[in-house]
Amino acid sequence: MKLVVTEKNDAATKIASLLGASKPKADKVYSTPIYRFEVDGEEWVTIGLRGHILEPDFTPNLVYKKRGGWQGVTVEGETVPADVPASLAKPPFKKKKPFTEDGVELKGWKMDALPYLVYAPIEKLPKEKEIIRSLKNLAKKADSIVIATDFDREGELIGSDALSCIQEVNPTAPVSRARYSAFTKEEITHAFSNLVELDVNLASAGASRQDIDLIWGAVLTRYLTLVKFAGYGNVRSSGRVQTPTLALIVARERERLAFVPEDYWVIKGAFDAAEKTGPTAGEGALAFEAPHATARFKDEAQAKAAMTAVEGATSAKVLSIEKRSRKQQPPVPFNTTSLMTAASAEGLSPARTMRLAESLYMDGYISYPRVDNTVYPSSLDLEEVVKTISGNPAYAPFCKELLARGPLTATRGKKETTDHPPIYPTAMVTPDDLPPAEYKLYNLIARRFLATLSEAAVVEGTKVTLDISGEHFAAKGDVLVHEGYRAIYPYGMKKDEQLPALAEGQQIAFNGATCTKKQTEPPARYSQGKLIQEMEKLGLGTKSTRHSIIERLYTVKYIQNDPIEPSQLGMAVCDALDKFAPHITHSEMTAELEAEMDNIAEGQKTKADVVMNSRNLLSEQLAGLMPHSEEVKDALADAVAADAYVGKCPKCGKDLQIRASQKTRGMFIGCAGWPDCDVTYPLPKGKIESMEELCPTCGMPQVKVTAFRSKPRVICIDPNCETNKEPDVVVGECPVCKAAGKQAKLIAQKNPRTLKRFIRCENHDECGVGYPLPQYGKLTATDEVCEHCGAPLVIVTTARGPWKLCPNFDCPGKEQDDSEKAASKGKKTAAKKTAAKKTAATSKAAAKKPSTRKASSGSAGK
DNA sequence: GCAAGGTC
């Protein structure tokens, strides 16, 4: 049997179907899907991995991790490894109690251990245990092995790791490597009939990248985290990609802070081309505005002079009319970066876009979403794709036109690779088939695809120069005269600015001018989309990781909001590293690493040399950092306090700060004077940000709360403030008391101490009836009761609109509702006769939904 | 409790 190992399941399926004489049989080894088929009478099996199946980490016995902690590094036999430079040859912990595996008193060792962590040995440990088990199981039976992972550095490394697993159980089977860069019959057949050897040097270049990232990341993250340990869940991370990315954001913020705005003056004139008599008399649509030909007056006196010159004038003369039509070329096909950028402009963050794209891809709606390529391969049948998606009524007329026009030609981007096609739709979807956010992204991708096949749009630009007593005004108009691709792809479109029809020499009405003082703006903060583009330009991260790097910066609270601004903590971390360990804050580290990896791949250097060089460099940087720990500690502490500050304590005057509860992990506001001052305020669930403005009602500080998937709202921190008070509402009668022949009211109320809202029977002590309520949203009672459990229905009105709710968590109707919804959705999509894959995916989702819901309501019931 | 890179 010939075993073919691919990087992902998807590739295993495709290769099997392209090489097999007949349709491959899908099978499983343990839980891993495999595909069996025959080639010239020989049995072949393909198995897809899940990317990297091994992961480097410090050798477990030598890096002390007991109690989940970062305690220290043991030095084997208490002698220092030969690699460690002489300056570090005397372990600082030797003077204290010796380090043993059983764990002794470790206090104060953590920071001291860092210089040794720099030189700690690294091993490859299993990461995907289940896949490894399946792989080994197959490998035992294999007569020969083909490594068919992706044709790039990481692919070579993934293949090499897979091979080391295989050779543990089958060291003798011959091994070869298939290199392909597209899933077409020709390409795959060619790759498998021209097998080569695994490129050990290339794999080793990738492995150096792994080791260097781990060492720098672990050492600097531990340094920043331990220098002022702020409790669990407060990791201060650093890394080869994330820290330079943070530095970009911080640098932009510094530019903004250093920016000195300059005053300028803008003059705008009001005009009207309506004839006082004649056919168009009285039609108001002919009024328009135009700025002075000097767009910005830097000198107030000059602006004033221009105003004086036009003062009292009632007419303007049309001096010249210039018309220029320009073509707007249709956009080029989507790759990962351009998709994330475009989606970012539509309010989907890059990380969310990739999650949605992954799900659309798995359900068969779009092609593989992680690509650099921006040129459709000739093997892609563009016409077929257009036909497929023309079933969506929103695209149908446009598709019809496209197909009627004759053979399709597509735009081409600058990047042409052949691994995957650019992102395009692979199935027809309507808004009913998908949740709104997923459809939004699908719609963007489908429309972009159609746009790449369309004609250019033509915009006619008109520039009219008007003269009033020697002062010139410039009116500009833009009109879309040929829609072209704009008919299907309206994203980022400017509104038409139409000017009335004018003739040179014509006199039109001038209705006065206004002069406004403005100020120059500092450079804009990065949007997430722009930052992704900037990272790509600098070679930071890859198409598959950039979004997660940005997300990481958000979760460690180095950055906030979109457009992105750094927190005080983010700036402090960046400054500290830039001052004492500047190597990590610059994108050049990545560029240098790339060069070194090329050297390894070409056989000019070894991995051992490159990694040791990097360790020595890190050792120097750490040596710069260690003597300044006090300074770094204070800087970080001040920054954290500044980020947490919400206002002054009304009792003692010290700072009120947003804090995390140790017990519940929830947020609350506490006084910096604690334990001397015990002032606290509860906070609702969600992301909390401090606000500058005080509560207009009571003068206490306010915070901005963003609950999960909701719009932000501003609340006063004082629960007793009028703005937070909610009257108790009678929402109905208690069904339990009623059944027992008693009468009791159910009352919705709010606990000011915990901010929790709930419905409780006034006879609660006896009947125990109580239901939870959402923490916010306006609550209204109804006359209706739930048909399933008899609890009163209430209406909750949030920013997303009102919704009716049965508050009973254990209501038997809850589960039924969900399974009905899921089942009807399954039927609907099946009826639409789209791709078979899609139907399978939807019914899978339908089968899954009720069971997950069951689990959550079950645990809530206890 | 670390990184960044694959992929789910």
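Here the structure is a predicted model, which means the values were calculated and not measured. By convention in this document, chain letters (A, B, ...) are assigned in the order of the sequence lines, proteins followed by strands, and residues within each chain are numbered from 1.
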Side chain of [X] - closest among [options]:
X: A:Lys127; options: B:dA3, B:dG6, B:dC2; result: B:dG6
X: A:His52; options: B:dC2, B:dA3, B:dG5; result: B:dG5
X: A:Met362; options: B:dC8, B:dG5, B:dC2; result: B:dC8
X: A:Asn9; options: B:dA3, B:dC8, B:dT7; result: B:dC8
X: A:Asp57; options: B:dG6, B:dC2, B:dG5; result: B:dC2
X: A:Val241; options: B:dG5, B:dA3, B:dC8; result: B:dG5

Return the value, rounded to whole Å, for the distance between atom [atom1] of [X] and atom [atom2] of [N].
X: A:Arg236; N: B:dC2; atom1: CZ; atom2: P; answer: 12 Å
X: A:Tyr368; N: B:dT7; atom1: OH; atom2: C1'; answer: 7 Å
X: A:Leu220; N: B:dA4; atom1: CG; atom2: C1'; answer: 14 Å
X: A:Glu130; N: B:dT7; atom1: CD; atom2: P; answer: 20 Å
X: A:Leu538; N: B:dA4; atom1: CG; atom2: P; answer: 15 Å
X: A:Gln210; N: B:dT7; atom1: CD; atom2: C1'; answer: 14 Å
X: A:Leu540; N: B:dA4; atom1: CG; atom2: P; answer: 10 Å

Salt bridge or not between A:Arg133 and A:Glu130? Use side-chain N to carboxylate O under 4.0 Å.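 Answer for the salt bridge query: yes.
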According to side chain to side chain donor-acceptor pair (under 3.5 Å), who are the partners of A:Gln210, at least two apart in sequence or on a separate chain?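 Counting only residues at least two positions away or on another chain, A:Gln210 forms a side chain to side chain donor-acceptor pair (under 3.5 Å) with A:Lys124.
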How would you list, by chain and number, every residue that makes a side chain to side chain donor-acceptor pair (under 3.5 Å) with A:Ser614, sequence neighbours excluded?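 Checked A:Ser614 against side chain to side chain donor-acceptor pair (under 3.5 Å); matches are A:Trp216.
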For A:Asn234, report the nucleic acid contact type (base, sugar-phosphate, nothing); a contact means any heavy atom under 4.0 Å.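 The residue A:Asn234 makes no contact with any strand.
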Across the strands shown, which category fits A:Arg209 at heavy-atom distances under 4.0 angstrom: base, sugar-phosphate, nothing?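 Base contact.
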Please confirm whether the shortest side-chain N or O distance from [X] to OP1 or OP2 of [N] is below 4.0 Å.
X: A:Arg546; N: B:dA4; value: no
X: A:Ser237; N: B:dA3; value: yes
X: A:Thr542; N: B:dG6; value: yes
X: A:Thr225; N: B:dG1; value: no

Could you check whether atom NZ of A:Lys633 has more than 12 heavy atoms from other residues, nucleotides or ligands sitting under 6.0 Å from it?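 Not buried by this count: 12 neighbours or fewer within 6.0 Å.
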Enclosure of A:Lys530 NZ (heavy-atom neighbours >12, cutoff 6.0 Å):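 No.
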Taking atom types as modelled, find out whether A:Ser238 and A:Thr243 have a side-chain donor-acceptor pair closer than 3.5 angstrom.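 Yes, side-chain donor-acceptor contact under 3.5 Å.
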Between the base of B:dC8 and the side chain of A:Glu128, is one N or O donor paired with an acceptor at under 3.5 angstrom?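 Per atom types, the contact qualifies.
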Tell me if the side-chain of A:Glu154 makes a donor-acceptor pair with the base of B:dA4, cut-off 3.5 Å, by modelled atom types.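 No, the side chain and the base share no sub-3.5 Å donor-acceptor pair.
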On DNA chain B, compare the nucleotides closest to A:Phe229 and A:Asp152; which residue's is nearer the 5' end?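 With A:Phe229 and A:Asp152 compared, the 5'-side residue is A:Phe229.
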